[in-house]
Amino acid sequence: MKCAWLLPLALIVVVSCAGPKTVVNNASPVPRQSPTLLQDPRPARASENGFAVEPAKSEAVPAAFKRIDFKNFTYPTIPAKKSVRLKDGKFEVRSGIGGYLFELSTVNYADLTGDGVEEAIVDLFQLSCGGSCDGGSHLLFFFDSHSGRATLRSRIDTGSLAYGCGFKALRINRRILTLETFWKCHRKGIAVVADSDAEEVGKYAAKSFTRFVFAFRKGKLAQLKRETFPYPAGDAKNYTPEVTVEKD
């Protein structure tokens with residue numbers, strides 16, 4: 001469905017594009033600043049492939065991150081020399097019949113390295129629209145905190161739901177990060193991109209999904225495994241990503 005940028009942006013997102021909906025265990029969801037932005041009217045669904053769906057739970061922010069406001073924060077984008085500054089959790093630009101939107105989805109905390117200190121896992125939702133919208137992609141940032149300042153340790157950028165390697169699920173359990181994206185994909189630098197032999201055809205088509213397994217090794221995010229599975233639904237349009245964070 002095409003996004004009509006002459007209408008309010010909130011209507012564009014609700015009608016045409018699926019924003020992220022968090023189903024986080026032991027997580028700190030970021031409250032929406034506007035009831036019309038990126039809301040998903042669908043009820044929570046049962047998870048697939050063992051990713052349990054549970055209501056979001058509030059958690060105290062670790063002391064090291066108390067002074068860091070991720071809703072009013074500057075994030076690096078692509079290309080790397082550019083950045084986006086969120087204000088009250090969002091940043092948007094309109095241009096002609098299109099534009100783009102960044103909005104903070106969730107901030108979770110977990111010890112990813114085994115040193116007894118929690119890191120922040122920040123999910124930044126990105127929506128791009130021209131003649132039509134791309135369904136949204138996600139920028140996943142992993143931050144340390146030193147002297148009240150956030151330091152980027154690593155990141156993973158997914159593709160979009162419409163054009164490949166869109167965000168399906170993320171599970172963090174005992175310092176193992178399991179990421180799922182639609183299509184047959186591989187990691188290229190910080191980005192998840194489609195394999196050259198991906199068989200998907202058409203916007204939002206999703207006949208398969210890829211499961212990546214990551215862990216931090218010697219301070220760096222290392223890929224431990226990659227597998228591809230069939231996705232019988234065959235379509236990723238309006239899909240609601242799932243995020244689960246389980247603590248030791």
Side-chain angles (χ1 to χ4, degrees), residues 17-24 27 38 40 42 45-53 75-78 100-106 108 110 112 121-128 133-142 154-173 176-216 221-246:
C17 310
K21 183 176 181 180
T22 308
V23 283
V24 182
L38 297 179
D40 188 339
R42 294 169 294 156
R45 296 171 289 106
S47 179
E48 302 174 45
N49 303 303
F51 283 63
V53 176
Y75 295 88
T77 59
I78 294 179
Y100 54 92
L101 166 74
F102 289 89
E103 186 172 50
L104 186 60
S105 175
T106 57
N108 304 296
L112 301 176
I121 304 101
V122 179
D123 177 6
L124 188 63
F125 178 72
Q126 177 181 340
L127 176 70
S128 297
C133 294
D134 68 355
S137 57
H138 290 254
L139 313 181
L140 304 173
F141 298 95
F142 305 94
S154 189
R155 66 183 281 187
I156 302 174
D157 295 356
T158 75
S160 69
L161 290 179
Y163 302 114
C165 299
F167 185 34
K168 183 178 183 293
L170 174 67
R171 180 181 182 181
I172 299 175
N173 183 16
I176 298 297
L177 294 82
T178 303
L179 172 70
E180 293 183 349
T181 61
F182 290 105
W183 290 33
K184 186 178 180 181
C185 308
H186 63 277
R187 191 183 183 203
K188 184 177 181 180
I190 63 173
V192 176
V193 299
D195 287 5
S196 58
D197 61 346
E199 300 178 352
E200 326 299 328
V201 177
K203 189 174 181 180
Y204 293 107
K207 298 179 181 179
S208 59
F209 70 93
T210 301
R211 178 177 295 163
F212 299 88
V213 179
F214 297 99
F216 279 92
L221 188 64
Q223 181 178 312
L224 306 182
K225 184 187 292 187
R226 177 175 71 108
E227 298 178 282
T228 302
F229 301 91
Y231 184 64
D235 187 283
K237 188 174 184 179
N238 296 326
Y239 184 84
T240 303
E242 298 169 5
V243 178
T244 304
V245 178
E246 298 178 1

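Basis for what follows: all heavy atoms, side chains included, without hydrogens, waters or symmetry-related copies.
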(request) Please identify each residue that fulfils salt bridge (Lys or Arg N to Asp or Glu O under 4.0 Å) with K207, with sequence neighbours left out. (result) none
(request) Please report the shortest heavy-atom distance between V192 and T181, naming the atom on each side. (result) CG1-OG1, 3.8 Å
(message) Please give me the minimum heavy-atom distance between Y239 and F167, naming the atom from each residue.
(response) CD2-O, 4.1 Å
(message) Donor-acceptor check, side chain of D123 to backbone of S105, threshold 3.5 angstrom: yes or no?
(response) no
(message) Assess the residue pair S137 and T158 against the criterion (side chain to side chain contact (heavy atoms under 4.5 Å, CB included)); give the C-alpha distance rounded to whole Å, side-chain angles, the decisive distance to 0.1 Å, and a yes or no.
(response) CA-CA 6 Å; S137 57; T158 75; 4.1 Å; yes
(message) Side chains of T178 and N173, heavy atoms from C-beta outward: is any pair under 4.5 Å?
(response) no
(message) Distance check, rounded to the nearest 0.5 Å: N108 atom CG versus F142 atom CZ?
(response) 10.0 Å
(request) Please check if the side chain of W183 supplies one atom and the backbone of A205 the other of a donor-acceptor pair under 3.5 Å. (result) yes
(request) Supply the atom-to-atom distance L127 CG to E103 CD, rounded to the nearest 0.5 angstrom. (result) 10.0 Å
(message) Whether the side chain of R171 engages the backbone of E242 through a donor-acceptor N/O pair (distance < 3.5 Å, no angle test) should be reported.
(response) no
(request) Taking the side chain as every heavy atom from C-beta outward, state whether F216 and S154 have any atom pair closer than 4.5 Å. (result) yes
(request) Indicate yes or no: at least one non-hydrogen side-chain atom of L221 is less than 4.5 angstrom from one of I156. (result) yes
(message) Quick one, L124 and H138 - any side-chain contact, counting heavy atoms below 4.5 Å?
(response) no
(message) Would you call the rings of F212 and F214 parallel, tilted or perpendicular, taking 30° and 60° as the class edges?
(response) parallel
(request) Measure the spacing between NZ of K203 and OG of S160 and express it to the nearest 0.5 Å. (result) 8.5 Å
(message) Minimum heavy-atom separation for A236 and L161, please, with both atom names.
(response) O-CD1, 3.8 Å
(request) Report yes if the side chains of V243 and I121 come closer than 4.5 Å at any heavy-atom pair, otherwise no. (result) no
(message) Please report whether the ring centroid of Y75 lies less than 6.0 Å from that of F141.
(response) yes
(message) What's the separation between atom OH in Y163 and atom OH in Y204, rounded to the nearest 0.5 Å?
(response) 7.0 Å
(message) On a heavy-atom basis, which atom in R226 and which in H186 lie closest, and how many Å separate them?
(response) NH1-CB, 3.8 Å
(message) For the NZ atom of K184 and the OG atom of S196, what is their distance to the nearest 0.5 Å?
(response) 8.0 Å
(request) Could you pull out the closest heavy-atom pair between L177 and A215, with the gap in Å? (result) CD1-CA, 4.4 Å
(request) Locate the shortest heavy-atom distance separating T228 from S208; write the atom from each residue and the value. (result) CG2-CB, 4.0 Å
(message) My understanding is that only residues two or more places apart in sequence, or in another chain, count here; which of them pass side-chain hydrogen bond (donor to acceptor under 3.5 Å, both in side chains) with D235?
(response) none
(message) Let me confirm one number: the CD1-CG distance from I190 to D157, rounded to the nearest 0.5 Å.
(response) 4.5 Å
